[in-house]
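The analysis underlying the following values was restricted to heavy atoms, covering all of them including side chains, and did not include hydrogens, waters or symmetry mates. Residue numbering restarts at 1 for every chain, and letters A, B, ... go by the order of the sequence lines.
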Amino acid sequence: MRLSQYFMPILRDDPKEAEIVSHRLMLRAGMIRQEAAGSYSWLPTGFRVLKKIEQIVREEQDRAGAIEVLMPTLQSADLWRKSGRYDDYGKEMLRIKDRQDRDMLFGPTNEEMITDIFRSGVQSYKDVPRNLYHIQWKFRDEVRPRFGVMRGREFLMKDAYSFDLTAEAGQHSYNKMFVAYLRTFARLGLKAVPMRADTGPIGGDSSHEFLILAETGESGVYFDKDFHDMDWSAFDIDYDDVAAVEKVVKTFTSKYSATDEKHDAVEFDMRVPKQKQLSGRGIEVGHIFFFGDKYSKPLGCEVQGADGKKVTLQSGSYGIGVSRLVGGIIEASHDKDGIIWPEAVSPFDVGLINIKAGDAEADAASDKIYNALKAKGVDVLYDDRNQPGGAKFAAMDLIGLPWQIIIGPRGLKEGIAEVKNRKTGARENVALDHIIGRFTKV
RNA sequence: CGGAGUGUAGCGCAGUCUGGUAGCGCACCUGCUUCGGGAGCAGGGGGUCGGAGGUUCGAAUCCUCUCACUCCGACCA
C-alpha cells in the first residue's frame, strides 16, 4: 500500500481525551475514530489489526474443535425471559422496541440464543459433545466506558459455548478451551496469565480469567514468579487426549495467581515464597466458565441418553475480547515513539521508507523493492510521500510495523538499504539485491 | 449512579473574569529552496465559538435551560 494513496489520518499531537497509552496511540496512528462514548469506527489500519487478531482466535478455536456460527446482534426478549436474565441483567443491557412494539435487545452475550439453537438441533446423546462459537459485536451499556477500545460499549467478542452429556465431559471441554486460550495468546505475542475467577453458586475450579500484565490494567493481580519461567509456547497438543489436555491445565493452575477480587493474602504467603511473590496490574482479555445446566435447564436443552431417558446438557461459555486485545497488545508492547506490533498482528509486514521521494534514483529503487515485495505476497506499507525524512521516521515508528526498510541516496550510492527492527532499534545494512530475500524467507 | 471537569478551524490551545464584530501553534493548499530523525521563506484557505432561549445598540464572553464528551469512584469481554 502506498501511503500517498491510503487513508491513515495520523495525529501529531495527543488528543486530550485519551488518557492511556493504547488509546492515545490508536488515535494518533489513525486506527480508530470515536463516534460516541465507548463506540468507535475502525479505520483501515486498525481494522487490519482487528481482522488479524480475529483470524488467529478463529484458527485456534477451530483447531480445538469448536465450530463457527454467526448469531444476530439483535435478539428477542423472549428467550431472556425464559432464562430469567431479562430482569436480572439490568441497565447494562440495551433494550429496544421494534415497530410492532416487541421487546428486543442488543445482545450483550449469547448463552440463551445458542442454547436454544442447540436444543432445537439435537435429540440424541450421540450429538454431543459440541462447541459452537461466533465472533460478533456485542453491546453492553457500560456505566462508564473508558480507555478507548479497552472498555467500549460496543465491542467485538469471540464467545464459544460447549455442550456435554456429563459434568465430567464438560470439564474436558473446559480444559480444551483453556489450552486453546494459552495457544491463542501465545500466538498473539502475549503472556496472558490464567487466574482463578469467581465461580458463583456452581463452585469448583470452573472459571478462569486470562490477564495480560500491563500497568494500565483495571485489575490488581497477584501471582507466582514461576509463571514467567513457564513454557508459554503454543502447545502442540492432541485435543482428544483427555489426560494430556488436563496436564497442561494443571500445570498452569498449580501456581498461585489471582485478581484482587479473589486474592487471599494468607494463602499467597502459604503457597508462594516471599521472593517469588509478584503483584501488578492486569487487563482481562479472556474469561472461561463452566456453568453446568444453568441455561440448559430453564431452556429445556436436553437429549435422549443411551438408556432412553432425557438428560439435561452441561455447558460452559468461553469469551475473548477481540477488540479489547487490540488495545491490550499496545499496552503490553509500545515505547515512547509509538506502537511495537508483534509480527502476528501487525497491520503490515514491513514499512518501506523512501527518504527522498521525488529523487529519480530513490524513487526507482523504492518502487522496485515495493513491487517486488508485493509480488511475493509481502504486505508493505510504502511511505512514498514527499515529506522530510524525519517526519517519515516518526510516522513509521508511531505506526509500529515490526520492520522498516529505509531507502536513501546515501545508501543507494553503495547499493544498500537500511533494515531497522522496530522493537530493538537494531539497524543493518542489506544489499539491495538481498532485500527481497530477507523478507520472503519465512 | 455519586464526585470533578471540558466543549472556540482537522489536532492542541488562547480569548470568557472586565460584552465591541474571533486569534496562535501544528496540520492543510500554492510557489521556490530543501531533504538520513517531525525543514525554511513567501503567499493562501478554513470556524453555526456544542445547541436552544433570554438580557443588550451589540454576546464566544452575562443569565436560564439543554446536549455531548473526559477523568476519579462502585460494576465488567
Side-chain angles (χ1 to χ4, degrees), chain A residues 9-20 23-24 27-28 30 33-39 53 57 89-93 107-110 135-160 181 192 197-198 207-212 217-219 259 261 282-289 317-328 336-338 353-359 362-363 383 385-398 404 406-414 416-418 420 425 427 429:
Chain A
I10 294 178
L11 301 177
R12 185 162 171 167
D13 299 314
D14 289 333
K16 68 172 170 181
E17 76 269 18
E19 288 292 319
I20 67 164
H23 191 193
R24 218 160 52 217
L27 289 169
R28 283 197 55 206
R33 197 185 93 105
Q34 180 167 27
E35 300 298 349
S39 165
I53 294 172
V57 169
Y89 217 96
K91 286 193 164 179
E92 243 190 29
M93 186 156 78
T109 178
N110 285 66
I135 300 172
Q136 173 68 300
W137 293 93
K138 303 287 185 292
F139 193 96
R140 293 184 190 172
D141 202 355
E142 296 281 347
V143 193
R144 190 179 161 212
R146 62 185 127 172
F147 303 150
V149 300
M150 302 276 281
R151 175 162 302 287
R153 290 192 295 172
E154 188 171 343
F155 58 96
L156 188 62
M157 178 163 106
K158 183 285 298 181
D159 39 327
Y181 276 36
D198 204 347
S207 182
H208 288 90
E209 294 176 354
F210 289 76
L211 289 101
I212 306 173
E218 292 187 86
S219 318
T259 60
E261 289 168 348
I283 301 164
E284 185 184 351
V285 290
H287 194 165
I288 58 178
F289 208 105
S317 72
Y318 315 91
I320 290 180
V322 177
S323 50
R324 171 180 284 184
L325 272 166
V326 180
K336 65 173 174 45
D337 295 322
I353 296 177
N354 178 0
I355 290 186
K356 199 167 180 179
D359 176 86
D363 286 352
D383 192 345
R385 299 170 305 162
N386 188 3
Q387 293 264 324
K392 294 189 174 190
F393 292 134
M396 201 56 88
D397 285 347
L398 170 65
Q404 300 173 7
I406 300 162
I407 307 281
R410 209 170 70 192
L412 288 176
K413 278 195 192 112
E414 302 164 48
I416 54 163
E418 196 177 354
K420 179 181 148 185
R427 299 147 184 275
N429 291 323

What's [X] touching, base or sugar-phosphate or nothing? Going by heavy atoms closer than 4.0 Å.
{"X": "A:G90", "answer": "nothing"}
{"X": "A:G152", "answer": "base"}
{"X": "A:A36", "answer": "sugar-phosphate"}
{"X": "A:V285", "answer": "sugar-phosphate"}
{"X": "A:L156", "answer": "nothing"}

Within the 4.5 Å heavy-atom criterion, are [X] and [Y] side-chain neighbours or not?
{"X": "A:Q404", "Y": "A:I353", "value": "yes"}
{"X": "A:T109", "Y": "A:Y89", "value": "yes"}
{"X": "A:I355", "Y": "A:I407", "value": "no"}
{"X": "A:L325", "Y": "A:I320", "value": "yes"}
{"X": "A:M396", "Y": "A:D383", "value": "yes"}

For [N] and [M], measure between their [atom1] atoms and round to the nearest Å.
{"N": "B:C49", "M": "B:C75", "atom1": "C1'", "result": "38 Å"}
{"N": "B:G37", "M": "B:G46", "atom1": "C1'", "result": "31 Å"}
{"N": "B:G31", "M": "B:C11", "atom1": "C1'", "result": "26 Å"}
{"N": "B:A59", "M": "B:U48", "atom1": "C1'", "result": "14 Å"}
{"N": "B:G20", "M": "B:A60", "atom1": "C1'", "result": "13 Å"}
{"N": "B:U16", "M": "B:G3", "atom1": "C1'", "result": "25 Å"}
{"N": "B:G19", "M": "B:U56", "atom1": "C1'", "result": "9 Å"}
{"N": "B:U21", "M": "B:G47", "atom1": "C1'", "result": "14 Å"}

Whom does [N] pair with, Watson-Crick or G-U wobble, provided both distances fall under 3.5 Å?
{"N": "B:C24", "answer": "B:G12"}
{"N": "B:C17", "answer": "none"}
{"N": "B:A39", "answer": "B:U33"}
{"N": "B:C65", "answer": "B:G51"}
{"N": "B:A59", "answer": "none"}
{"N": "B:G73", "answer": "B:C1"}

(message) Run the salt bridge (charged side-chain N to carboxylate O under 4.0 Å, His left out) test against A:E35 and tell me which residues pass, sequence neighbours left out.
(response)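 With neighbours one apart ignored, the set is A:R33.
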(message) With side-chain contact (heavy atoms from CB on, under 4.5 Å) as the criterion, how do A:M157 and A:I135 come out once you've worked through the C-alpha distance, each side chain's angles and the decisive distance to 0.1 Å?
(response) CA-CA 6 Å; A:M157 178 163 106; A:I135 300 172; over 6 Å; no
Mark yes or no for a side-chain to base donor-acceptor pair under 3.5 Å between [X] and [N], with no hydrogen or angle criteria applied.
{"X": "A:D397", "N": "B:G37", "result": "yes"}
{"X": "A:R427", "N": "B:G37", "result": "yes"}
{"X": "A:R28", "N": "B:G38", "result": "yes"}

(message) Quick check: on RNA chain B, is the nucleotide nearest A:E17 upstream (toward 5') of the one nearest A:E154, or the reverse? Name the residue that is more 5'.
(response) A:E17
(request) Using the closest heavy atom to pick a nucleotide of RNA chain B for each, name whichever of A:G286 or A:I416 lands nearer the 5' end. (result) A:I416
[atom1] of [X] versus [atom2] of [N]: gap in Å, rounded?
{"X": "A:E19", "N": "B:G12", "atom1": "CD", "atom2": "C1'", "value": "14 Å"}
{"X": "A:R144", "N": "B:C75", "atom1": "CZ", "atom2": "P", "value": "13 Å"}
{"X": "A:Q404", "N": "B:G37", "atom1": "CD", "atom2": "C1'", "value": "11 Å"}
{"X": "A:E261", "N": "B:C75", "atom1": "CD", "atom2": "C1'", "value": "9 Å"}
{"X": "A:Y181", "N": "B:A77", "atom1": "OH", "atom2": "P", "value": "11 Å"}
{"X": "A:D14", "N": "B:U70", "atom1": "CG", "atom2": "C1'", "value": "15 Å"}
{"X": "A:I53", "N": "B:A77", "atom1": "CD1", "atom2": "C1'", "value": "13 Å"}
{"X": "A:R24", "N": "B:G12", "atom1": "CZ", "atom2": "P", "value": "13 Å"}

(message) If stacking means aromatic ring centre less than 5.5 angstrom from the base's six-membered ring centre, planes under 30°, is A:F393 stacked on B:G38?
(response) no
(request) Rounded to the nearest 0.5 Å, what's the gap from CD on A:E284 to CG on A:L211? Could you check? (result)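 So the CD of A:E284 and the CG of A:L211 are separated by 6.0 Å.
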(request) Report yes if at least one side-chain N or O of A:K91 is closer than 4.0 Å to OP1 or OP2 of B:C1; otherwise report no. (result)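 Yes, such a contact exists.
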(request) Ignoring backbone atoms, test whether A:Q34 places a side-chain nitrogen or oxygen under 4.0 Å from the OP1 or OP2 oxygen of B:A68. (result) no
For the side chain of [X], starting at C-beta, report the closest nucleotide among [options].
{"X": "A:E218", "options": "B:A74, B:G12, B:C75", "value": "B:C75"}
{"X": "A:E142", "options": "B:C72, B:A77, B:C1", "value": "B:A77"}
{"X": "A:R146", "options": "B:A74, B:A77, B:C11", "value": "B:A74"}
{"X": "A:V143", "options": "B:A74, B:C11, B:G12", "value": "B:A74"}
{"X": "A:A391", "options": "B:C71, B:G38, B:C11", "value": "B:G38"}
{"X": "A:A394", "options": "B:C11, B:A74, B:G38", "value": "B:G38"}

Can you list, pair by pair, the side-chain donor-acceptor contacts under 3.5 Å of residues 136-148 of chain A, counting residues two or more places apart and other chains?
| unit_1 | atom_1 | unit_2 | atom_2 | d |
| --- | --- | --- | --- | --- |
| A:Q136 | NE2 | A:M71 | O | 2.6 |
| A:K138 | NZ | A:Q136 | O | 3.3 |
| A:K138 | NZ | A:D159 | OD1 | 2.9 |
| A:R140 | NE | A:P108 | O | 2.9 |
| A:R140 | NH2 | A:P108 | O | 2.8 |
| A:D141 | OD1 | A:R153 | NH1 | 2.9 |
| A:E142 | OE1 | A:R151 | NH1 | 3.4 |
| A:E142 | OE2 | A:R151 | NH1 | 3.1 |

(request) If a protein heavy atom is under 4.0 Å from the base, mark B; if only from the sugar-phosphate, S; if neither, -; do that for nucleotides 25-35 of chain B going 5' to 3'. (result) BSSS------B
(request) Please test A:K420 against A:D397 for salt bridge (charged side-chain N to carboxylate O under 4.0 Å, His left out), starting from the C-alpha separation and ending with a verdict. (result) CA-CA 10 Å; A:K420 179 181 148 185; A:D397 285 347; 3.0 Å; yes
(request) Give a yes or no answer on whether the side chain of A:R324 reaches the backbone of A:V285 with a donor-acceptor pair at less than 3.5 Å. (result)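 Flag not set: sc A:R324 to bb A:V285 has no pair under 3.5 Å.
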